[in-house]
Amino acid sequence: MDTEALMPLVPGSIWHARQAVRLGPVHVKTRATCVKLADGSLWVHSPIAPTAALVSEIQRIGTVRYVIAPNKSHHLFFASFLQAFPDAQGYLAPGLGKKRPALSGYPELEPGKPAPWDSELTAFFIEGLPALNETVWFHPASGTLILTDLLFCFGAENPWASRLLASLLGVYGRLAMSHTLKLLVRDRKALTRSADRLLALEVTRIVLAHDQVIEARAQSRLAAALAWLSSHR
């Protein structure tokens, strides 16, 4: 398993690690994000395969308490990650337990329902996209917005097949919603409401589950990525 070392994004507060996965002929990297809470425990977003090296690196920075499967597609390593950190509590995206009955024993994230980390991470459920049922997260202390598949941005360092696919999907070299995901929108007005909530945040960094972390002009690039919704108000 090709796993990069755990690296800091916000010193002492947020770390990430990437792992290569193969989707047919295309290689992409998927990212797990770890946030240290005020009590020293760790909140882990979109877990990747828990290699021995990664488990050791995470244990050095804190105790994993919460593990999040943030949408209905990002669950591949959820169960194995919790096996590696048996004292942690896992949480599923709404509807994921129905999609994957083997995971149905875990609690689901419920829009508007209080969560133990609410004072440090703000949840925004993305309406209008039932294929994903994604919850995104904002870390006000660092201005970090943590996304999964709502938006993508693939860079030039990717293999040619990945760059080609990203170009076809409209997400090569730019932060954007993929053309495919736009086709899955079922309630554009609801999605626009969700987008407006994100645009009201003071975002300085956007952490994507795949490929790039956006640290330059994060706020304006977020606005540009969601601007297509404005024509459907």
Phe77, Tyr91: one ILVMFWY side-chain cluster at the under-4.5 Å cut-off? no

Shortest non-hydrogen contact from Ala176 to Gly170? CB-O, 3.5 Å

Quick check: is Ile48 connected to Leu6 through a chain of hydrophobic side chains (ILVMFWY, heavy atoms under 4.5 Å apart)? yes

Would a 4.5 Å heavy-atom cut-off, applied to side chains only, mark Gln212 and Ile214 as touching? yes

Consider only side-chain heavy atoms of I, L, V, M, F, W and Y, link residues closer than 4.5 Å, and tell whether Val171 and Val21 are in one cluster. yes

Residue Glu157 excluded, over 12 heavy atoms near CD under 6.0 Å: yes

Nearest non-hydrogen partners of Ile58 and Phe81, listed with the distance: CD1-CZ, 3.8 Å

Any pair with a residue in residues 29-44 that passes salt bridge (charged side-chain N to carboxylate O under 4.0 Å, His left out), sequence neighbours left out, goes on the list, sorted by first then second residue, please. Glu4-Lys29, Asp39-Arg65

Checking Asp211 side chain against Phe152 main chain: does a donor-acceptor pair fall under 3.5 Å? no

Walk me through whether Met177 and Trp228 qualify under side chain to side chain contact (heavy atoms under 4.5 Å, CB included). CA-CA 9 Å; Met177 183 179 289; Trp228 68 277; 3.5 Å; yes

Could you tell me if the side chain of Thr33 sits less than 4.5 Å from the side chain of Ser46, heavy atoms only? no

Which pair of heavy atoms, one from Ala32 and one from Pro47, lies closest together, and at what distance? CB-CA, 4.1 Å

As an exercise, state the distance from OG1 of Thr180 to CG of Asp149, rounded to the nearest 0.5 Å. 11.5 Å

Donor-acceptor pair, distance only, cut-off 3.5 Å: does the side chain of Ser230 make one with the backbone of Ala227? yes

All heavy atoms of Glu108 vs all of Leu96, minimum pair found to be OE2-N, 3.7 Å

Does any part of the side chain of Leu92, heavy atoms only, come nearer than 4.5 Å to the side chain of Leu109, both counted from C-beta? no

Test of ring centre spacing under 6.0 Å for His210 and His74: yes

With salt bridge (charged side-chain N to carboxylate O under 4.0 Å, His left out) as the rule and sequence neighbours excluded, what pairs involving residues 40-63 come up? none

Same apolar cluster (I L V M F W Y, side chains within < 4.5 Å links), Leu226/Leu181: yes

Any heavy-atom pair between the side chains of Asn158 and Tyr172 that's under 4.5 Å? no

Just wondering, do Trp43 and His45 contact through their side chains at under 4.5 Å, heavy atoms? yes

Atom pair CG/CG of Leu201 and Leu222 - distance to nearest 0.5 Å: 8.0 Å

Only pairs at least two apart or in different chains count here, so list each salt bridge (charged side-chain N to carboxylate O under 4.0 Å, His left out) that has a residue in residues 90-103. none

Report the distance from atom OG1 of Thr135 to atom CD of Glu110, rounding to the nearest 0.5 Å. 10.5 Å

Gap between atom CG of Leu169 and atom CZ of Phe154 - 0.5 Å precision: 8.0 Å

Hey, quick one: are Ile206 and Leu199 part of the same hydrophobic cluster, counting side-chain heavy atoms closer than 4.5 Å, chains of contacts allowed? yes

Any donor-acceptor N/O pair, Ser167 side chain to Arg163 backbone, under 3.5 Å: yes

Passing option when Trp137 is tested against Val35, Leu147, Ile68 for side chain to side chain contact (heavy atoms under 4.5 Å, CB included): Ile68

With ILVMFWY side chains joined below 4.5 Å, transitively, what does Leu164's cluster contain besides itself? Trp160, Leu168

I want to check something: taking the side chain as every heavy atom from C-beta on, are Arg188 and Leu229 in contact at a cut-off of under 4.5 Å? yes

If every non-hydrogen atom of Phe138 is compared with every non-hydrogen atom of Val203, which pair is closest and at what distance? CE1-CG2, 4.1 Å

Would you compute the distance between atom CD of Glu215 and atom CZ of Arg221 and round it to the nearest 0.5 angstrom? 10.5 Å

CG/Asn71 to CG/Leu150 distance, rounded to the nearest 0.5 angstrom? 9.5 Å

Side chains of residues 112-133: which donor-acceptor pairs under 3.5 Å do they make with residues two or more places apart or in other chains?
{"unit_1": "Asp118", "atom_1": "OD2", "unit_2": "Ala115", "atom_2": "N", "d": "2.8"}
{"unit_1": "Glu120", "atom_1": "OE1", "unit_2": "Ala38", "atom_2": "N", "d": "2.7"}
{"unit_1": "Glu120", "atom_1": "OE2", "unit_2": "Ala38", "atom_2": "N", "d": "3.3"}
{"unit_1": "Glu127", "atom_1": "OE1", "unit_2": "Arg193", "atom_2": "NH2", "d": "3.3"}
{"unit_1": "Glu127", "atom_1": "OE2", "unit_2": "Arg197", "atom_2": "NH1", "d": "3.1"}
{"unit_1": "Asn133", "atom_1": "ND2", "unit_2": "Pro94", "atom_2": "O", "d": "2.8"}

Using a 4.5 Å cut-off on heavy atoms from C-beta on, say whether the side chain of Val67 contacts that of Phe85. no

Looking at residues at least two apart in the chain, or sitting in another chain, which of them share a side chain to side chain contact (heavy atoms under 4.5 Å, CB included) with Thr144? Val10, Ile14, His139, Ser142, Ile146, Arg205, Val207

Answer whether the closest heavy-atom distance between the side chains of Thr148 and Leu208 falls below 4.5 Å. no

Using every non-hydrogen atom in the two residues, find where Val44 and Cys34 come nearest and quote the distance to one decimal. CG2-SG, 4.0 Å

Residues Thr3 and Gln19: side-chain donor-acceptor under 3.5 angstrom: yes

